[in-house]
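Structure, as structure tokens:
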Amino acid sequence: MAGSGDDHLRSAALLSARGLVQTYRSSGGGRVQALSDVSLDIVKGETLGVVGESGSGKSTLARAILALPRPERGEVEIDGEPILKATRQRLQRIRHKLQMVFQDPLSSLNPCHRISDIVEMPLIVANRGSAVERREIVAGTLLSVGLDVEQIGSRRPSELSGGQCQRVSLARSLVLRPEILICDEPVSALDVSVQAQVLNLLEDSKMAYNLTMLFISHDLSVVRGISDRVVVMYLGKICEVGATDEVYFSARHPYTAMLLDSVPTMDPRARSQSVPRGETPSPLNVPPGCRFNTRCSRASSICEVQEPKISKVSGTVDHFVACHHPLPATGATGNRYP
Ligand code: ADP
Ligand code: MG
């Protein structure tokens with residue numbers, strides 16, 4: 001896996017990213033290939049999940065889409081408008097359509113500011129409304145995420161629970177009424193009991209505010225519950241894309257199958273049919289050919305030299321895989337997901 005290409009892109013997407021490349025300079029002087037020719041799209045109203053192990057480039061992808069910073073190569077279009085080549089002023093305005101919810105709610109909120117000021121700030125920066133109008137928007141948006149401005153408006157983030165902070169963070173993202181919400185591990189820092197509440201809230205907010213979502217998580221079960229379509233990433237590349245049920249029930253990429261087999265289950269018969277092989281290679285020195293070949297039980301000599309292209313799985317409507325030796329359909333392998 002870990003392939004290139006854009007066969008999986010559709011026409012009429014609200015957000016489309018093509019050929020994104022981002023590398024970082026490591027402290028040792030090498031270059032980390034965090035994002036290597038990644039293309040994806042999201043149609044209006046859709047939730048696209050992105051899964052992959054830590055270090056696979058998920059957060060870099062989110063930041064590249066927001067041009068924070070602009071990626072080295074590639075383009076992102078919102079409603080057909082290219083944003084990465086936009087002037088700074090234009091980019092600021094386009095960014096209002098795209099908002100982000102981060103992993104750690106507490107550290108993403110300024111500890112010195114009152115909650116109502118934190119939520120109002122994007123409106124002030126965007127020069128929206130009078131003071132009275134802004135206060136109304138803040139109160140209404142906080143209410144929509146289950147918080148009462150009278151009760152928590154004058155508190156500081158440290159006086160709230162993790163779940164409440166993530167609600168504030170969501171309200172701050174919603175005040176500008178964005179079209180697209182990018183959630184980067186939005187529940188990973190929360191207790192399991194609170195995770196479900198925040199996920200439900202995200203679903204409710206998506207409906208209430210007519211949102212389109214990019215939802216990033218290393219947690220396969222969280223992504224499965226919320227996503228219409230899913231992208232699987234490995235070492236800065238896409239290996240599989242498709243409708244969530246299709247990918248989870250009939251994974252074609254050996255890496256996706258390995259991830260799914262690693263999900264803990266109470267049923268001993270269903271446990272780990274393909275135990276993860278070896279360590280993830282260093283992103284400073286990625287294997288040539290398919291980046292997954294060093295861990296793949298199906299790898300052959302072609303995988304060591306030739307990067308597979310993303311191509312449609314025959315007989316499916318919306319399932320794409322970048323693999324020289326994809327797995328057979330579920331009928332032959334059985335359902336992977338516990
Ligand atoms: P994920 O979100 O999937 O865990 P990231 O996008 O954070 O992955 O990171 C992808 C790769 O880029 C990792 O190898 C990570 O160590 C590296 N990386 C991320 N940010 C930086 C940075 N600012 N400087 C150097 N390397 C980075
Ligand atoms: Mg991350």
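Indexing begins at 1, ligand by ligand and atom by atom, following the structure's order.
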Q: Could you tell me whether atom 16 (O) of ligand 1 has a protein heavy atom closer than 4.0 Å?
A: no

Q: Kindly confirm or rule out an N or O of Val32 lying under 3.5 angstrom from an N or O of ligand 1.
A: no

(Q) With a heavy-atom distance limit of 4.0 Å, tell me whether Met233 approaches ligand 1 through its side chain, its backbone, both, or neither. (A) neither

Q | Short N or O distance, Ser59 and ligand 1, threshold 3.5 Å exclusive | A | yes

Q) For ligand 1, which atoms sit closer than 4.0 Å to a heavy atom of Glu53? A) 3 (O)

Q) Should Gly57 be listed as contacting ligand 1, given a heavy-atom distance under 4.0 Å as the test? A) yes

Q. Does the shortest distance from the Mg ion (ligand 2) to an N/O/S atom of Gln103 fall below 2.8 Å?
A. no

Q: Look at atom 22 (C) of ligand 1 and say whether a protein heavy atom is found at less than 4.0 angstrom from it.
A: yes

Q. Do Gln164 and Arg155 have side-chain atoms, one donor and one acceptor, less than 3.5 Å apart?
A. no

(Q) Heavy-atom distances under 4.0 Å decide this one: backbone, side chain, both or neither, for Thr60 against ligand 1? (A) both

Q: State whether the number of non-hydrogen atoms from other residues, nucleotides or ligands found under 6.0 Å of Arg73 atom CZ is greater than 12.
A: no

Q: Could you tell me the residue and atom name of the protein heavy atom closest to atom 19 (C) of ligand 1, and the distance to it rounded to 0.1 Å?
A: Tyr24 CE1, 3.3 Å

Q) With atoms numbered from 1 as shown, which atoms in ligand 1 lie under 4.0 angstrom from a non-hydrogen atom of Pro283? A) 14 (O)

Q: If the plane angle is over 60° it's perpendicular, under 30° parallel, otherwise tilted; pick one for Tyr255 and Tyr234.
A: tilted

